[in-house]
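Here it is, the structure, as structure tokens.
The shown structure was predicted, so the numbers you read here are calculated from the model rather than taken from an experiment. As the structure lists them, so they are numbered: ligands from 1, and atoms in each ligand from 1.
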Amino acid sequence: MALAFRSVGPGFAAEASGVDLRETLSDADILTIDRAMNEHAVLVFRGQSLSQDQQLAFTKRFGPLDIGLNMANKIGRLGRKEFADIANIDANGNVLPPDDPKLMGLLANQLWHSDSSFKDPPAKYSMLYAEHIPDKGGDTEYADMRQAYDALPADLHDLIEGRSAEHYAFHSRNALGAGDAGRNVDALPAVNWPLIRTLPDTGRKTLFIGVHTRAIDGMTVPEARMLLAELLEFATQRQFVYRHQWQLGDLVIWDNRCTLHRGMRYDIRVKRELRRSTTEDTGVPLAQPLPYSSTSNAA
Ligand code: OGA
Ligand code: MN
């Protein structure tokens with residue numbers, strides 16, 4: 001069966017079929033997926049069954065791996081920094097107590113963000129795989145920043161055109177009162193990115209915002225924060241949002257250059273286990289997929 005894509009969201013997001021991601025895909029299939037990403041920005045692959053190594057091998061076809069926040073973390077439960085451990089459990093599979101610092105990071109994921117926007121290079125594609133999902137809650141929402149940009153009122157557009165925002169990894173965590181205890185904050189100094197970016201593959205323009213932003217060049221901090229809040233509110237209106245309801249074995253890929261995402265509330269005392277691999281945004285379109293390589297020796 002050939003790869004096919006069926007739209008599932010409002011003007012973006014599609015469900016892929018006809019592919020088993022455990023297999024080593026041809027270069028043509030990888031390019032087809034990459035083109036579909038450039039069109040739909042979010043792709044859902046249902047009914048997959050991926051080992052850690054299979055997931056990383058697939059991810060690496062699209063670019064170098066992004067380590068993201070793990071640059072400031074110690075090696076965790078999964079034993080490798082190439083995965084973001086999106087799970088509220090410990091090494092024995094037991095649900096963490098509510099005051100465990102790791103849960104703070106998972107709660108911060110419930111604020112609209114773009115993965116690794118706080119580092120240089122930022123993230124391109126995130127690939128989140130569902131190993132265990134709660135019966136209720138814990139969906140993930142995605143918002144299309146290309147459509148939000150296209151619909152931006154002229155006054156907002158004029159306020160941000162040519163300006164950059166500062167993104168800081170621990171800004172949202174600080175806002176939650178969680179702080180950065182136990183982390184090497186020096187590994188992730190703040191970075192600046194234009195608020196409006198042009199996607200190299202399609203030439204489309206997109207907004208680059210989210211909860212990691214804390215300042216805008218040429219504005220006072222309060223003025224910048226009010227504007228960032230207004231932009232975020234505008235850009236995450238329902239007409240720009242796809243809500244994903246997880247099933248076991250889903251792999252969802254999203255383009256962090258042009259979407260924001262957030263987790264939805266669930267009972268943190270109930271097990272929810274996902275793992276994310278991520279590629280770096282090198283700024284260069286994928287002309288040629290990277291060759292398959294076994295990932296058993298890490299990145
Ligand atoms: C992530 C993330 C949200 C969720 O994996 O980067 O933000 O719903 N996840 O778990
Ligand atoms: Mn995220």
Side-chain donor or acceptor of Arg272 paired with backbone N/O of Asn88 under 3.5 Å: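 Checked: no pair found.
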
Just the distances, no angles: every ligand 1 N or O to protein N or O pair closer than 3.5 Å, one line each.
from: ligand 1; atom 1: 5 (O); to: Arg276; atom 2: NE; distance (Å): 3.2
from: ligand 1; atom 1: 6 (O); to: Asp115; atom 2: OD1; distance (Å): 3.1
from: ligand 1; atom 1: 6 (O); to: Asp115; atom 2: OD2; distance (Å): 3.2
from: ligand 1; atom 1: 6 (O); to: His261; atom 2: NE2; distance (Å): 3.3
from: ligand 1; atom 1: 6 (O); to: Arg276; atom 2: NE; distance (Å): 2.7
from: ligand 1; atom 1: 6 (O); to: Arg276; atom 2: NH2; distance (Å): 3.3
from: ligand 1; atom 1: 7 (O); to: His113; atom 2: NE2; distance (Å): 3.1
from: ligand 1; atom 1: 7 (O); to: His261; atom 2: NE2; distance (Å): 3.0
from: ligand 1; atom 1: 8 (O); to: Thr140; atom 2: OG1; distance (Å): 2.6
from: ligand 1; atom 1: 8 (O); to: Arg272; atom 2: NH2; distance (Å): 2.9
from: ligand 1; atom 1: 10 (O); to: Arg272; atom 2: NH1; distance (Å): 2.8
from: ligand 1; atom 1: 10 (O); to: Arg272; atom 2: NH2; distance (Å): 3.4

Phe170-His212 aromatic ring centre distance below 6.0 Å: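 Here the rings of His212 and Phe170 have centres that are no less than 6.0 Å from each other.
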
Protein N, O or S atoms lying under 2.8 Å from the Mn ion (ligand 2), listed by chain and number: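 Protein N/O/S atoms under 2.8 Å of the Mn ion (ligand 2): His113 NE2, Asp115 OD1, His261 NE2.
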
Side-chain (Gln54) to main-chain (Ser51) donor-acceptor, under 3.5 angstrom: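 A pair under 3.5 Å: yes.
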
Ring centres under 6.0 angstrom apart (Trp254, His261):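 That pair passes the under 6.0 Å test.
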
Under 4.5 Å side-chain linkage, directly or through intermediates, the cluster mates of Met104: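 For Met104, no cluster forms, as it stays isolated from other hydrophobic side chains.
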
Polar side-chain atom of Lys81 near backbone of Asn70 as donor-acceptor pair, under 3.5 Å: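 Looks like yes, one N/O pair under 3.5 Å.
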
Distance flag, aromatic centroids of Phe118 and His171, threshold under 6.0 Å: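 No.
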
Side-chain donor/acceptor of Thr259 to backbone N/O of Asp255, under 3.5 Å: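 Answer holds: yes.
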
Residues that, via side-chain heavy atoms closer than 4.5 angstrom, fall in one hydrophobic cluster with Phe58: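 Its cluster mates, by chain and number, are Leu3, Phe5, Val19, Leu21, Leu25, Ile30, Leu31, Ile33, Met37, Leu43, Phe45, Leu50, Phe62, Tyr125, Met127, Tyr129, Leu251, Ile253, Leu286.
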
